[in-house]
Amino acid sequence: MSGCDAMAQEKKAGLLRRTSSSKKPLKEKVVLMYDEIFTKDDPAKTNPRFWDELFLMKVNLEYLEGKLESLDGDEVMVVKDNINSLFHHCVLALEEEHQIKVVNALQTLCALFRGVHQKNKSATGFDIINMLVGFDKAELRMKDLMESLDSLLCGDGSESLKSLCLKLLLCLVTVTDNISQNTILEYVMINSIFEAILQIVSDVSSRGQHGYDAVVLLALLVNYRKYESVNPYIVKLSIVDDEPTLDGLGMVVHQALTEYNRQYKNKEEENHGGFFSTLTSMVGNMFIADTEEKLSVQTNEAILLALYEAVHLNRNFITVLAQSHPEIEMTAAPVTPIPTTPTSLGTTPPSLDMMHNPELPLDPNLQTSNLLITFLKYSSIVMQDTKDEHRLNSARLCLIILTCIAEDQYADAFLHDDNMNFRVNLHRMPMRHRKKAADKTIPSRPLVCAVLDLMVEFIVTHMMKEFPMDLYMRCVQIIHKLICYQKKCRIRLHYTWRELWSALINLLKFLLSNETTLLAKHNIFQLALQVVSLFNMFITYGDTFLPTPSSYDELYYEIVRMHQVFDNLYCMVLRVSTNVGQWKEPASKVTYALVNVRAIINHFNPKIESYAAVNHISQLSEDQVLEVVRSNYDTLTLKLQDGLDQFERYSEQPKETAFFKELVRSISVNVRKNVSLNTLSQDVLLKEFSSIS
Amino acid sequence: VITNYEKNCYVGLGNTIEIALHKCFGLSTSSPPLDVISEGVGELSLVIDTEVAKKACQEVLQKVKLLKGEGQSTLVTTKPGLVNGTGHIGSSDRDSRRLCTSQKIGEEEAPSDTVKSARRRQNNNSSKQSWLLRLFESKLFDISMAISYLYNSKEPGVQAYIGNRLFSFRYEDVDFYLPQLLNMYIHMDEDVGDAIKPYVVHRCRQSINFSLQCAWLLGAYSSDMHISTQRHSRGTKLRKVILSDELKPAGQRARREALQPPPPCHHGQGMGEHGLSPSKRTHQRSKSDATVTISLSSNLKRTASNPKVESSQDEVSTSVIAGPVRLTPQREFIKSLMGIGKRLATLPTKEQKTQRLISELSLLNHKLPARVWLPTAAFDHHVVRVPHTQAVVLNSKDKAPYLIYVEVLDCENFETSSVPVRIPETRIRSTRSVENLPDCGITPDQRASSFSTVPNYDNDDEAWSVDDIGELQVELPEIHTNSCDNISQFSVDSITSQESKEPIFIAAGDIRRRLSEQLAHTPTTFKKDPEDPSAVALKEPWQEKVRRIREASPYGHLPNWRLLSVIVKCGDDLRQELLAFQVLKQLQSIWEQERVPLWIKPYKILVISSDSGMIEPVVNAVSIHQVKKQSQLSLLDYFLQEHGNYTTEAFLTAQRNFVQSCAGYCLICYLLQVKDRHNGNILLDSEGHIIHIDFGFILSSSPRNLGFETSAFKLTNEFVDVMGGQDGDMFNYYKMLMLQGLIAARKHMEKVIQIVEIMQQGSQLPCFHGSSTIRNLKERFHMSLTEEQLQVLVEQMVDGSMRSITTKLYDGFQYLTNGIM
């Protein structure tokens, strides 16, 4: 009912507006001037001060955009010169001292870009450029525009003005769904604003106010024709080596992810607090699905993309991941400006004070955090639920970023640094069969433990019908890469490997029991091979990275204990590999990889049985089994597998191109939505400038 | 030409004769007044013979009387004669240097002042020339004597002369007495101050390091004054002058003025807030990087059209011209280190402190390399990096002292040598992916054949492809590359096997065995303890640590790379520590000179203010508390574990080291009355020496006045056990060393007393509490006892200390209150 009312009101309002605009005497002056532009004649002919006056008027974006959209083909050709002229004067006005004019010019440009694109969705980029700027002058005009924007962004001018510049750029970058089809961006490539973006990000105060927009803009620009041509933003981003700048970039990402984590936590507490929690505990876990629904805070792929690009493109950025900052989430103000809300001008993240303050705050309760920890927490949240497409994308991107991190030598070095211990509270999915671990008990450990925990957590929580095969592959590969590093550098991590082993065995079990349904969609042998290879790593190279001799015994214990799973897997792959078909080869690879596991099972099982028989015990205790294992190593021969410590290096092309294209598209749409809402509200801005002028 | 000023000096000298003579005679009757021992003049008696001195003085007096009538001008002309007569200070270059310094002084000091004092001196001119002058000009006259006369003499002429004479000593020698000089400058009368100032000013002009040391010491030793007097005190004024950087080298100042005063924000390498404007650095950097890229790939011509690139060129050139503000970088560096300490103190747990420390230091790293250095180091260098993850918070109840390791590049002169270029952290790693590293002996070819799955690289791949430095810096743990049955062998085999297709078999038992063997082989390290994070870090052998950090450092490949460490103390007054250091250092050189094989380890102290400073850590040493807690062994058993069995040479050496250091520190503890001797304050180094640290309670102060620790020094049964028991030879050796040490120290008592006595001036330090500090200190040297009596004394002290229940009680007390074993 109320919905109907609202609609009716809206209609009424619309009608009112239309009537008012049709009545000539009630028209705003600016609208009249717009009308003049949309005629054949040059408006400056009748009024030489036309353009001067225009930029003194408050912009009516709606009207201007609407006007542009409503033009039909022939009309366009008629008014093209005037539109070109409007564009030209907008660019000229940017250099005005009068700030009101600059503001109005920026907004008019926004409307121009959007209106023209809205009108010509199917048109080629060149047509759009022609209509907006005019072919012959395009290069010069766009150069002037970019230079003006650049100097506005880098100058000492008003912060609101800078914000508006970034909005305009975001608007320009996202006018098309597919960023690579936005031909105008070619000029943004030629006239790079990369340095301006970096400057915003590196300066403490400007980072606080515009960092978020700047970083999103950068992430988008990097993705312009990424695979087709040389994008200068990619090249430049890859060679930045100035720490304060990179650190600034990291801070913006950190801030945004922290904000997300905080919002999530708040919602979680809301849902678990009060009578609701008592209710849930009363009726059991019936509402779990419901709760999850409520907990979905909108994910922020744009910022994640920026993180990815930084990690992937810039080798120096890796150091920023480990750059500690005190935990921001605890002190953050409960404002929610990400993504852009219509009420505030900037997309400014909260807790500005934190960013303004170069000295770290002195709260003794703060735990030192860093970008990597925040990112891991964020990942643990988005990975919980991968049903929604945004979250699936986010989870995938998280895993891709982790892949890049796991491959990086420097990152591995600090992940495994024994002197850098942290407590990382990962979010765990509430599940029927386990209790939520008390957060306080988490020990302080090297960061790699948190990464491994996250991977284990993912493995045990996603065995479902909609099997996220590619995420599983990435997950297991990340573990593999970390272990390769440990093997190479002889790092003996004190980690409870047993949890990993049992998670992996359970995964194999799941694959086996859902063989038919899964095989219809995925090559499960690939995943099985990865898992078995991990076991082979432990079996044949365990001496190089396991923390204690007894952990090696435990590995054998676990394999022997779960021998049924391996037996079944062997039967299955043997069956498939003897049949002719597409799975023949991948299955036979698994058969081969299982050699050692089967050797262990076949070696120890009889020994254990005879031990039980000799000692008249029906059920051996763990210690007894371990004892049998320890005393029977010498008669067991293993076979060395090839290339266990080799892995395929991550490469965006060609495997991930489709994913990134789609991701950038969805980000573009999202950003456009938020920007359009934002730029329309200019009250704050005008208030500010009316007081200036 | 001899300036007026200098003339006055010499004329003034005459005034001192009476006092000097009196002093000379007075002193000669009691104790050795002047420790004029010096190499090459061994046959000279220690005590200046009264008769000889008298004679010399009379001769001088005669001469002066004769000359008197001829007036001032003749006096001037006779002066060279006098100098020649003593057969000293002949060298003209030094004379001329003194000349020009005094000229300079003349310029700087208010001339009226000199005139005034000159007149005053002339007025009571007794026209007597002094044997003192001969002493001053003689070879025997060393810095210690100079300081002593400066302190004891009431005669402005003598003081002024010595002030001048300071210029002729070696810098290192004077530097040792810098705290004394400055304390006199602050707290003694105007004449002493006037005498000292020219030298200090001269040295400040020459060295940034000296300037800062002076400024810090002046601040610290002025702090006990009442705030109102302090503000206008001479010390505060001089400190201000130094810190305002007015005392630049004269030449530089002139050059600077000739140039346009450079805008302060352009000093490129500075630590100051302007120096670090990140955007500017960005532009500089990306500019240079961009140019490289442009030259590499023609695709990127676009970049050149960027107006930013061109504009940044001007910035580069300006920053080259403008030199860095002289003192700022170092001051900022020290300030940030202290700031970290202050912030750490607010955090409740060691874990949080450690994390914060690491994160703060990594931020500090962004500002390095810079023209900054560790004042505790003995050589010129620039700090290039702080390996932040290696830093540890030290055990302290309420303060947060911490230890950092600092990578430096040694250089000719830190003021003039250029600051090293920054190398990014990640530069050390040659590639982004593990697989590209030469791993376990696989040649690239082999890898290529075995691993062909690498798909097309990203188009931006060249941006980070291969790095020459990285290629050289492959990090493979050295220990593991030697053995042939190593698993790496299998990797190679596994590759070749692919071609031959012959399977390789390994015994599971071998894998298991290797695992236990490798774990057994790791040397005795301490376990990680979150409550005692420093134990592990300090236990690691220094050389090992250096190697490890060097391997991981982007600067490690440079030949002049060095690792230093320093303890940053914030909230602690290190003035007593500095005093103790000086006394220890003095005793060390006395014992060395007298060939007594006592071993002590004075560690350098840098006083920055009355509540902050830095300490040079003793390397390869952990506290006895840590030893006992971690090893759970008695001290003797720990020695056996670390060094080998009783009869091994290693054990015997360690035992001898232990005894020599014990004897040394027992004497120190006795003489200085060092208290608060629990096992957390006694270190044990890897060679078996003990080292006492923390001289917070010395002389007249003791902790909480609980009446504990009444024994002369700490000597527990455990210590005696390590020495081989009470009846062993080593124990006798220990007592003999103490006796010899005491005799030697007694012989040079004045040199020790002097250090302490001067520092007592104007001091509120607890170690000077009461009026009898110096008297008591003197008494502990037992000048009146015969050597036999001394021997009895030593026996008594040792017995007393061993039987002392209070020592045990104190250890128990410490265990209860601080958990120190």
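Scope of the values below: all heavy atoms of this structure, side chains included, with no hydrogens, waters or symmetry mates. Throughout, a chain's letter reflects where its sequence line sits, starting with A, and its residues are numbered from 1.
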Euclidean distance, [Y] [atom2] relative to [X] [atom1], rounded to 0.5 Å:
X	Y	atom1	atom2	answer
S362(B)	M420(A)	OG	CE	7.5 Å
D241(A)	I423(B)	CG	CD1	11.5 Å
H388(B)	D417(A)	NE2	CG	8.0 Å
L363(B)	D247(A)	CG	CG	6.5 Å

Check your understanding: Minimum heavy-atom separation for N421(A) to Q355(B), with atom names?
Key -> O-NE2, 2.7 Å

Check your understanding: Considering all heavy atoms of both residues, which atom of P244(A) and which atom of H366(B) are nearest to each other, and what is their separation?
Key -> N-ND1, 4.5 Å

**Study point:** Region of F414(A) in contact with chain B, defined by heavy-atom distances below 4.5 Å
**Key:** neither

Check your understanding: For I539(A), is it the side chain, the backbone, both or neither that has a heavy atom under 4.5 Å from a heavy atom of chain B?
Key -> backbone

Point to revise | Under-4.0 Å salt bridge between D553(A) and R512(B) | key: yes

Practice item. Using a strict 4.0 Å threshold on nitrogen-to-oxygen distance, state whether D634(A) and R513(B) make a salt bridge. Key: yes

Practice item. Take R492(A) and L515(B), measure what side chain to side chain contact (heavy atoms under 4.5 Å, CB included) needs, and give me the verdict at the end. Key: CA-CA 10 Å; R492(A) 299 180 189 280; L515(B) 179 54; 3.2 Å; yes

Point to revise | R422(B) side chain reached by E243(A) side chain, heavy atoms, under 4.5 Å | key: yes

Check your understanding: Is there a side-chain contact between I511(B) and Y552(A), using heavy atoms and a 4.5 Å cut-off?
Key -> yes

Check your understanding: Above 12 or not: heavy atoms from other molecules or residues under 6.0 Å from CD of E139(A)?
Key -> no

Exercise for review: Could you walk me through whether T637(A) and I506(B) pass the side chain to side chain contact (heavy atoms under 4.5 Å, CB included) test, one step at a time?
Suggested key: CA-CA 6 Å; T637(A) 306; I506(B) 0 161; over 6 Å; no

Revision key, fill the gap. Q486(A) meets the side chain to side chain donor-acceptor pair (under 3.5 Å) criterion, sequence neighbours left out, with H416(A)

Point to revise | Those residues that, when tested against K655(A), pass salt bridge (charged side-chain N to carboxylate O under 4.0 Å, His left out) (two or more places apart) | key: E648(A)

